[in-house]
Amino acid sequence: MASQNRWKQALTGCAALILAVCAGGGDQAAWAASLDGTSWLLKTLNGRPPVSDRKITMNIEGGRVFGRSGCNSYSVGYRGAVDGRAGRFDIGGELIQSAVECRPEEIMALERSFMAVLGSADSYRIAGNKLRLKTAAGVSTAVFIRQRHELTGTWRVIDVEGASLLEGTSLSVSFGADRRISGSAGCNRYFGSYTASAERKTLSISPLSSTKRLCRRPDGIMMQEQRFRSALRSAVRWDTEDDRLILRNAAGSAAVSLSKAR
């Protein structure tokens, strides 16, 4: 409820615009196809770089805008009309947002400013790898740079279904360009194959084979391995944000979260 109230405040001044879009009765063809499937990283907000080193991202797919707003994650409905490399940028509907309070306060202030800018956006323009949001008055409020989606490579597991890894364990996933998948499940090595779509962000992982070691330390390592392999096999979609990779199950929940191996 608190997050919805914050969103309503951020959208002050945009309600008439959103109502106008709804009243217009535009069909699904009005979705801004040129932005669908793209990901962006905030570089400047109201003419200045973000005051925090927290990454602020904006992903656009399937009629929703979602990402990280500095402290929390967010997701909200979106539609627009395309005109070459520019177009309308209208958001509305229910906001889905986590409700973490981050410190110092400047992080929360940055998040509030970003959400207000997102809510006030009326149009966008793309030049090279940059996207610029503007208000109805033509004021430029945010500049983003494009993030490239890439699944291939080696990734380090951060958590499995939201649960942190056991201390002293290290799990990994490698997606090869040859459509082979392999890595460490903590005790055993595993391997198999996969298919993926960079455009639709879909993923399918084959049944996995593995070595047959039995590890006893730390306590619970074999249970964690079983849970990881099950979560990995459940993944049907993938998203990237900066150096993070999220594998999602059919319900849309994060099955495995990973970071790029260095």
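The structure displayed is predicted, hence computed values, not measured ones.
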What's the verdict on side chain to side chain contact (heavy atoms under 4.5 Å, CB included) for Leu165 and Asp159, showing C-alpha distance, side-chain angles and the deciding distance? CA-CA 6 Å; Leu165 302 183; Asp159 64 58; 5.7 Å; no

Should we say atom CD of Gln226 is surrounded by more than 12 heavy atoms from elsewhere, each under 6.0 Å from it?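 Not buried by this count: 12 neighbours or fewer within 6.0 Å.
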
Pair Glu150, Thr152 - check side-chain hydrogen bond (donor to acceptor under 3.5 Å, both in side chains), show working. CA-CA 6 Å; Glu150 187 172 353; Thr152 56; 3.2 Å; yes

Answer yes or no: is there a donor N or O on one side and an acceptor on the other, between the side chain of [X] and the main chain of [Y], under 3.5 Å?
X	Y	result
Arg64	Ser75	yes
Glu111	Asn72	yes
Ser174	Ile181	no
Ser98	Ser73	yes
Ser184	Leu171	no
Gln224	Leu166	yes

Qualifying salt bridge (Lys or Arg N to Asp or Glu O under 4.0 Å) pairs, either residue in residues 219-239, two or more places apart: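 Every salt bridge (Lys or Arg N to Asp or Glu O under 4.0 Å) pair that includes a residue of residues 219-239, provided the two are not neighbours, is Glu61-Arg237, Arg217-Asp219, Asp239-Arg248.
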
Taking NZ, NE, NH1 and NH2 as the nitrogens, is one of them in Glu105 or Arg112 under 4.0 Å from a carboxylate oxygen of the other? yes

Charged N-O contact under 4.0 Å between Asp90 and Arg88: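 Salt bridge present between Asp90 and Arg88.
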
Whether the Asp122 and Thr135 side chains hold a donor-acceptor pair (N or O, under 3.5 Å, no angle test) is what I'd like checked. no

Qualifying ring pair (Phe, Tyr, Trp, His ring centres under 6.0 Å) pairs, either residue in residues 158-177, two or more places apart: Phe175-Tyr194

Which side-chain N or O atoms in residues 43-50 pair as donor and acceptor under 3.5 Å with protein atoms at least two apart or in another chain?
none

Aromatic ring proximity Phe228/Tyr190, centre distance under 6.0 Å: yes

